[in-house]
Amino acid sequence: MRSLLAANAELVITIVKIVLLLFIVLTVNAYLTWFERKVVAHIQSRWGPHRVGPHGLLQPLADGLKFLFKEDPTPAGADKFVYYLAPLLALTLAMTSIAIIPFGPEPIRLFGHDIYLGIAPPDLNIGILALFAITALGVYGVALAGWSSNSKYSLLGGLRSSAQMISYELSLTMSVVGVLLMAGSFNLRDIINAQARHPQWGIFGWNIWPQILGFFCFFVAAIAETNRAPFDLPEAEQELVAGFNTEYASFKFAMFFIAEYTSMITVSCLCSIMFFGGWLSPFPASWTVTHYLPSVVLVPFGLWVIMDGVRYETIFGRMVLPVVGAAISGLGALFVVLPSLNEFIQGPFWLLSKIFFFLFVYVWMRGTLPRFRYDQLMAFGWKLLLPVSIVNVILTSFVILMWGAK
Amino acid sequence: MSTAETVIGATKTMVLNMGPQHPSTHGVLRILLELDGETVVKAVPDIGYLHTGIEKSCEDKTYSQVITLTDRIDYLNPLGNNLVYCLAVEKLLGLEVPKRAQYIRVLMVELQRISSHLVWLGTHAIDLGAMSVFLYCFREREEILNIFEMFAGQRMMTSYIRIGGVALDPPTGWRQAVEKFLRMMPSRVDEYETLLTQNPIWIGRTKDIGYISPEDAIALSMTGPTLRAAGVAYDNRKVFPYSSYQEFNFNVPTRTESDCYARYLVRVAEMRESLKIVRQAMDKITDEGPIKAEAPGIIPPQREKMKTEMEALIYHFKIFTEGFSPPPGEAFVTVESPRGELGCFVASDGSPKPLRVHFRAPSYINLQALPRLVEGRLIADVVACIGTIDIVLGEVDR
């Protein structure tokens, strides 16, 4: 048994990582819905969820249970096989794409193996290509769902979204070409390391400065690609009731929902990696004091949670919140005590902060902007984004040709 | 039957049934849309899902009892409906309403106009995807409803305006409440405008959408902000002043573009004008004075008189058991509701119950223009056009 494990160590490690990542992504998804509802609520001067658990923190759990126990009718005349296949496809593809993302620079040495953060092998030289290939397939889930439901609203929603995702795919890919030229590699790790060529530059070494046009195109195209506001036409509820998922209920609906949120996370990861230096700290490498920032953030946050918890209105909240707060503060304190651990979490800390920031921008835009019309969206994609991203490619290649990739 | 036209797939169009249960038809409106791709070839509104028979019910109530029914016609403008019905009955009776009561009526109706436009703006914005504006608008509407509750004890179906005056004296502290609202509101309107007026997506969704020429608008007898956005400065408050509107100083905002964006700008400008009128009305209302006309046998007597005078007691008994009987005849009065020209026709045969009550409902008449606004445009524009006509289905179907 032991020798079997040793012989297949790589396989075992990968499976454990997959299970772990699935668990983390699903949990983050659930709490992303909570986060979105809370942020949008506060933008709109409301409270948001606050009944289930302290600050509504158990709301995602309640929602998940509700999704599981809802009746799951299949519309008459639906193409059963495709109707069941579509949500599976959407969810699987969204989950697969996140496997390519690397989450930290250094491997951990555990049980005699170097374990990298992230599922894909660190030397995956087609990283970004594979990622785009997988996300491009995501359109099938939506298109098939719209087609197989045998409903006019779903059909229109499915058509819209196929057209939208295919047109924005192009700008999305074009807009990252500049970054790829600068890094000279498709590997996501190489792209990040290329932004650390000048360790003393810190934030000014990131791709966002030379590639500001590319970033603009990428972010807009990515929002359109993930069907989020203000490009959420496929599910424009005021026009098409719920678009392609009108006829889906229960857990099949939840699968679309999770797929959408997972793609949000993937896109935020990509944004951070391609343009914002991934796990690199915004400070020059010599400022080692900044390595205590995770603790500086975590300890006061934990203390605040404790403060809030002891005065919380429900007894359950008064019991749970201080414990959570203590745990957070304790974690922060642990980083100070264990310098090796502190060094290790620097990368993931910065990457996660950047991802969190982009997720917030997503939600913020949803709370602020009206929705585009279908033809305007197409015109925007083809007539503005695509030309701008092509110009960006030409400019970048010209500069690299003249002065080399520095 | 299987001619080329009826075979499925032989025609290129698809019929989409929008409503009656649909998030953006503002009630139970059903529209049959014939679509070529996403382009609307033909739109046929189908109404009647909210028919409540209010006009017929009025014939079985005494004149005073009808007021509570009028609240429910256009549920975003109950006070305006009260007003037009009371004006019609007063015209039938030849009653003169005291000035103070007239000013109170103006104050209430203008607050109602703001609240109605707030609901309109909120729902229209959420139809086009701007969901925060919806909640901001309802936050301010809440303040207006609180003022109504102060005055009438009711938030929506106030029945505050009665035949010959208003139901109650303004409550203690009403000036402070209205003053607070007047101070707060202009900055809040600015807030909505910051979110929408210069927003390129908002402009893209509303500009040049749903055009109707002023000639067509007049031919379809459209009224209200929809007509004023086409450049016709027709406002009943100016053209046929009622309830002392001639003493108030305000502008009638107009635009000439006649698209959804122009209608949006007109309504926002109207909110600001209404604030001016509310301010003037507040200054005109004196602290003391009559709130009801002097008309024994029609207006219920005061409580004290009823306890001390035999005659008052008899009138009270007669008014509440059989009502009062206006002379035979008919009266038609129009006012400016938030949606347009709201008319009320009352016919009397000399009995205590009206022979016929009919409302000229602006929503119903403006809705006629919908096919003309949306045909040849995209399905997303249908939502924008329904929104800017500002229909209330309770009023359309009555």
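We name chains A, B, ... by the order of the sequence lines, and we start the count at 1 in each one.
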With a 6.0 Å cut-off (strictly less than), is the heavy-atom count around [atom1] of [X], excluding the residue itself, greater than 12?
| X | atom1 | result |
| --- | --- | --- |
| Tyr49(B) | OH | yes |
| Phe35(A) | CZ | yes |
| Phe67(A) | CZ | yes |

Item to check | Separation between CG of Leu128(B) and CG of Leu369(A), rounded to the nearest 0.5 Å | outcome: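 Spacing of CG (Leu128(B)) from CG (Leu369(A)) equals 12.5 Å.
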Checklist entry - Just how far is it from atom CG of Leu195(B) to atom OG1 of Thr368(A), taken to the nearest 0.5 Å? => result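 So the gap between those two atoms works out to 7.0 Å.
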Next on the checklist: I'd like to verify something: which residue of Ile201(B), Leu135(B), Asn17(B) has the highest number of heavy-atom pairs under 4.5 Å with chain A?
Outcome noted: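 Of the candidates given, the most pairs with chain A belong to Ile201(B).
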Looking at every non-hydrogen atom in both residues, tell me the closest pair between [X] and [Y] and how far apart they are.
| X | Y | answer |
| --- | --- | --- |
| Ser45(A) | Arg139(B) | OG-NH1, 3.5 Å |
| Arg371(A) | Arg205(B) | O-NH1, 3.0 Å |
| Ser132(B) | Ile43(A) | OG-CG2, 3.7 Å |

Checklist entry - Non-hydrogen atoms of chain B under 4.5 Å away: do they reach the side chain of Arg46(A), the backbone, both or neither? => result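 The side chain, not the backbone.
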Item to check | Atom group of Ile209(B) that falls short of 4.5 Å from chain A, counting heavy atoms | outcome: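 For Ile209(B), side-chain heavy atoms alone lie under 4.5 Å from chain A.
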Next on the checklist: Quick one: does any side-chain atom of Gln44(A) pair with a main-chain N or O of Tyr136(B) as donor and acceptor, under 3.5 Å?
Outcome noted: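 The answer is no, because no donor-acceptor pair under 3.5 Å joins these two groups.
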Checklist entry - For Glu142(B), what residues pass the side chain to side chain donor-acceptor pair (under 3.5 Å) criterion, not counting sequence neighbours? => result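 With sequence neighbours excluded, Glu142(B) shows a side chain to side chain donor-acceptor pair (under 3.5 Å) to Arg155(B), given in chain and number order.
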